[in-house]
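Before any comments, here is the structure.
For ligands, and for the atoms within them, numbers begin at 1 and follow the listed sequence. Keep in mind that what you see is a predicted model, and the values were worked out from it rather than measured. Numbering of residues begins at 1 and proceeds along the displayed sequence.
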Amino acid sequence: MPVPNRAHLVAGVLATACIATFFLSTILVEALASREAVSYLKSLIVTPGLWILVPAIAIAGGSGFFLARSRSGRLVDAKKKRMPFIAANGVLVLLPCAIVLDRWAAASFDTMFYAVQAIELLAGATNLTLMGLNIRDGLRMSGRLRLAPRSTLRAR
Ligand code: HEM
């Protein structure tokens, strides 16, 4: 596999896996574990979490636009349109939320903490959906994912 394709695949899947891990671990720890555990998780999400997530999203986006230079069509257009939302959501919402929650978790858990936590979970779910759709369309473009045509489904 050529380097840009490999970089795109690895970075795209890694970035999505990071957000899924942060999301699930946050819900599990908030629901089941102690405040100390929540506080520890919040610090792990910042370091090493964000240090993996932010470059992975940047590499996925950059290599994606590089791979898209010579391609056109519905799938690539949809991926291009989703990327600004993924990036803005990551940099303008997830990143500041993770940093603020890490700081606040060390001090106290008040209403503001849970309000920001809710915003972070919402932004995480949004990005998971958009990135999942980008993975699906990417796998379709690379030929790894082949769905049965609608006509075949109807005939069954
Ligand atoms: C975080 C966002 C993204 C994720 C998670 C993602 C994920 C993926 C995945 C998993 C593949 C399949 C790779 C393979 O099977 O080898 C792929 C392929 C592809 N992606 Fe993305 N992608 C993202 C953003 C973008 C963007 C912004 C573009 C630009 C339009 C793009 C363009 C492409 C192209 C052209 C392919 C097909 C490459 C080929 O033919 O091998 N991707 N993507």
### Task
Identify, by atom number and element, the atoms of ligand 1 in contact range of M83, meaning under 4.0 Å from any of its heavy atoms.
2 (C), 27 (C)
### Task
Would you name the heavy atoms of A105 and K42 that are closest together and state the gap between them?
CB-CG, 4.0 Å
### Message
To check your reading of the model: name the closest protein heavy atom to atom 10 (C) of ligand 1, its residue, and the distance in Å.
### Response
L9 CD1, 3.6 Å
### Summary
Of all protein heavy atoms, the one nearest atom 15 (O) of ligand 1 is R144 NE, 2.5 Å
### Query
Is the backbone N or O of R35 less than 3.5 Å from a side-chain atom of S39, with the two atoms forming a donor-acceptor pair by type?
no
## Note on the structure
In ligand 1, the atoms that come under 4.0 Å of a heavy atom of L139 are 12 (C), 15 (O)
### Task
State, yes or no, whether a side-chain contact exists between L94 and L50 at a heavy-atom distance under 4.5 Å.
no
### Task
Using a strict cut-off of 4.0 Å, indicate which atoms of ligand 1 neighbour a heavy atom of V76.
30 (C)
### Message
Could you tell me if the side chain of L9 sits less than 4.5 Å from the side chain of V13, heavy atoms only?
### Response
yes
### Summary
Smallest heavy-atom separation, A11 atom then A56 atom, equals CB-O, 3.5 Å
#### Entry: Candidates V54, I57, I52, I45 - the one meeting side-chain contact (heavy atoms from CB on, under 4.5 Å) with C18
I52
### Task
Give the contacting part of I57 toward ligand 1: side chain, backbone, both or neither, where contact means a heavy-atom distance below 4.0 Å.
neither
### Query
With no hydrogens and no angle check, is any side-chain donor or acceptor of K79 less than 3.5 Å from a backbone partner on N134?
yes
### Metal environment of atom 21 (Fe) of ligand 1, protein N/O/S under 2.8 Å
H8 NE2, K79 NZ
### Query
Counting only heavy atoms not in F113, do more than 12 sit closer than 6.0 Å to its CZ atom?
yes
### Test: R69 cationic atom under 6.0 Å from F65 six-membered ring centre, within 45° of axis
no
#### Entry: Contact atoms of ligand 1, heavy-atom distance to M1 under 4.0 Å
16 (O)
#### Entry: Atom indices of ligand 1 within 4.0 angstrom of T16 heavy atoms, with elements
5 (C)
### Query
Is there a path from L139 to V76 through hydrophobic residues (I, L, V, M, F, W, Y) whose side chains come within less than 4.5 Å of each other?
no
### Query
Would you say M1 and H8 make side-chain contact, with heavy atoms under 4.5 Å?
no
### Task
Could you tell me the residue and atom name of the protein heavy atom closest to atom 30 (C) of ligand 1, and the distance to it rounded to 0.1 Å?
K80 CG, 3.2 Å
### Message
Please work out, at 4.0 Å between heavy atoms, whether the side chain, the backbone, both, or neither of N5 comes within that distance of ligand 1.
### Response
side chain
### Query
What protein heavy atom sits nearest atom 35 (C) of ligand 1, and how far off is it?
R71 CD, 3.6 Å
